[in-house]
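This report concerns only the one structure given below.
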Amino acid sequence: MTTATRHPVELRYATASDVESTSDASRVLLALEGSRGTVGVRGRLKDAALFRDALTAAFGILSSDLRYRGKDRTAYLAYLMSKGKRASAQIWEAQKAFLDNALDGEEKQDEVLDPVLTVDPDSVSLEVFSRDESAYARLSFDNSLFEGREAAHGSTFLDVPANLSTRMDRLRTYLPVSLEAHVALPAKAAREPRNVDVPHAWLRGFLQVQSAATLPASSCVLAPIDLYNLLFALRTRKAKKAPRALRFELVPGAAPRLVLEPWELVLECHGGTYNGTAPAVVRTFGRQRLVALARLLPHAKSVRLQLMGPGLPVFWVIDMGAATLTLGLTGWTESGWSSAAAFDVLMPRAVPDGLAEKLRNKLRADGPLPFDTLVAGADGASKEHVRAALQLECLRGRILFDVAKGQYRPRELMAKPVDESVIRFGSEREARAHRLLGDGGPGAGEVKLTKVHELVGEGTRIHGEVVDREAVRSFFPSFTLDLEGRVKDASCGCPHFRRSGMREGPCEHQLALRLAYARRRAEEEALRKTPEGRKLIRAETRSYVRRDAESGQEMVYRVSLDGQVVAVEWGPRTGEARHQRLWFDTDTEARTAYFTRLEKLSAEGYIDAASALV
């Protein structure tokens, strides 16, 4: 594995993006990077207000950073010095210099790529990725928004000065407004080339969120008023305790419900019924990132959601007529190691030689194209192989999946394709964790799950044994996954953890155990659907929920199988629960009673809430 952690990119702009306004008209001048050839678009805007609000919302997502920041204690140090405490002037100056250097280093590390602008025959789109690496947005403007449109197709980077969003806000839409986005804008002052060292972690997140869009998902439609109600509830409430999830309750033939935790506030939706084949409950986190959509409410015509699954990204598609914004949110705002298991499923499996290149060439010649058309033209390749090949091209930055239209499009992120092996792992420790799991490379080990303990109301406690053949010994990592999917109370006996604990991130043994647990959960979910798989289950806990349409009260059943014992706990979610324990003579009788109870709950309209658990 290469030791390089950054991807160098040179950006050449002739001038800076700007907004020019006179008493008669306004022009939005967007400067494009010039090393990618002739790319651009120009034309008069038919709906300037829509263009202004949508572009400003995209710039807001680009600059957003919701990561926790520690308190600045420089003012307190100054106070101590003024009171004659043990903070001398020399100590004060040294600490201030240290903080300044630390902040300068953080700013350099946070350097990211400029937005990517792509001009297609049917639209022009802008892609941005937030500074905290948790939100991806693609803003697309249809040709119908422009009058007298002229375009040169291709992809390149867009210059976004710090004051461009403010200048866009001052745009007066009652005057004629035109757009000019190309590489040959007249330069007001010469600009030197700018070198950007893009962290591989940022590039990995940017490309993997797009890769997630290619996965199968549950889809539902909301009305704009539903989004307004959600944003209003988030603005007027502040959760002081966990869990802080946004829960989706999806029942075929019924309107979706949004539930805000921990208040259990139920928002009935009005965008139509859920058309899925099976009921589902999906919990998502990082809901405060949705505030970025408030600017689009006056223009929204409908809102569509793509729910990938626990811990995976969620896509919000805002249809505004001539413009569409697709917002992809990762499973957590903090891109911590809890999400490593989720991103593990985004990497493509085996891809036949030449298939990825063939599909990309077909898209360049005939794109955009839906998945079924690409499968039909793949010369007999299976759907699984075609999907894996398209995922691979997404990770290389050469195509993207348009969630709004359900089509694949050609798009060259870089002049040269990104090496997927470079962004395969988030860190060297994550690479070693995969080797411990036997995912290739030297140092293969063995990872065992020794105990998985469900903690009611708290989460799941996981213990394991990792045989590390490089260290010629075994380690026994453990941790607790709380109700929000975060990891706490982690421990391990390896030198890394004994030296620094969790201050420098998890060790490879904890990561390997986290991945092994996620993979076993996926295997068990697939296996328990078969009669042969059910015979292997000796211990399991499932939760089923049902909400009364009139009172809105939610009833929760928690059924557990443990050898020859079946335990049932039921009651309202916010009330006191009742308990029942049943003993059987054999494991087979207990297992039969357990699955009979689950089938009865499903027949009575209860939803299996296992998909809501992380």
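The figures here come from the full heavy-atom set of this structure, side chains too, leaving out hydrogens, waters and symmetry mates.
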Positive for side chain to side chain contact (heavy atoms under 4.5 Å, CB included) with R409, one of T118, D120, I399:
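The side chain to side chain contact (heavy atoms under 4.5 Å, CB included) with R409 is passed solely by D120 among T118, D120, I399.
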Tell me whether R387 forms a cation-pi arrangement with F371, defined as NZ or CZ under 6.0 Å from the six-membered ring centre and within 45 degrees of its axis.
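Flagged: R387 positioned over aromatic ring of F371.
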[X] side-chain N/O to [Y] backbone N/O, donor-acceptor pair under 3.5 Å:
{"X": "R170", "Y": "V19", "answer": "no"}
{"X": "S17", "Y": "V160", "answer": "no"}
{"X": "R138", "Y": "S125", "answer": "no"}
{"X": "R12", "Y": "P193", "answer": "no"}
{"X": "R304", "Y": "A404", "answer": "yes"}

Does a salt bridge link [X] with [Y], judged by any charged N lying under 4.0 Å from a carboxylate O?
{"X": "R289", "Y": "E133", "answer": "no"}
{"X": "K46", "Y": "D142", "answer": "no"}
{"X": "E470", "Y": "R432", "answer": "no"}

Would you say the side-chain atoms of S21 and S26 include a donor-acceptor pair closer than 3.5 Å?
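S26 and S21 do have a side-chain donor-acceptor pair below 3.5 Å.
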We want to know whether S130 and D132 form a side-chain donor-acceptor pair, criterion being a heavy-atom distance below 3.5 angstrom.
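There is such a pair between these side chains.
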Verdict with reasoning, E33 to S35, per side-chain hydrogen bond (donor to acceptor under 3.5 Å, both in side chains):
CA-CA 6 Å; E33 206 272 330; S35 64; 2.7 Å; yes
Nearest heavy-atom pair of L325 and L139: which atoms, and what distance?
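In this case the closest contact between L325 and L139 is CD1-CB, 3.9 Å.
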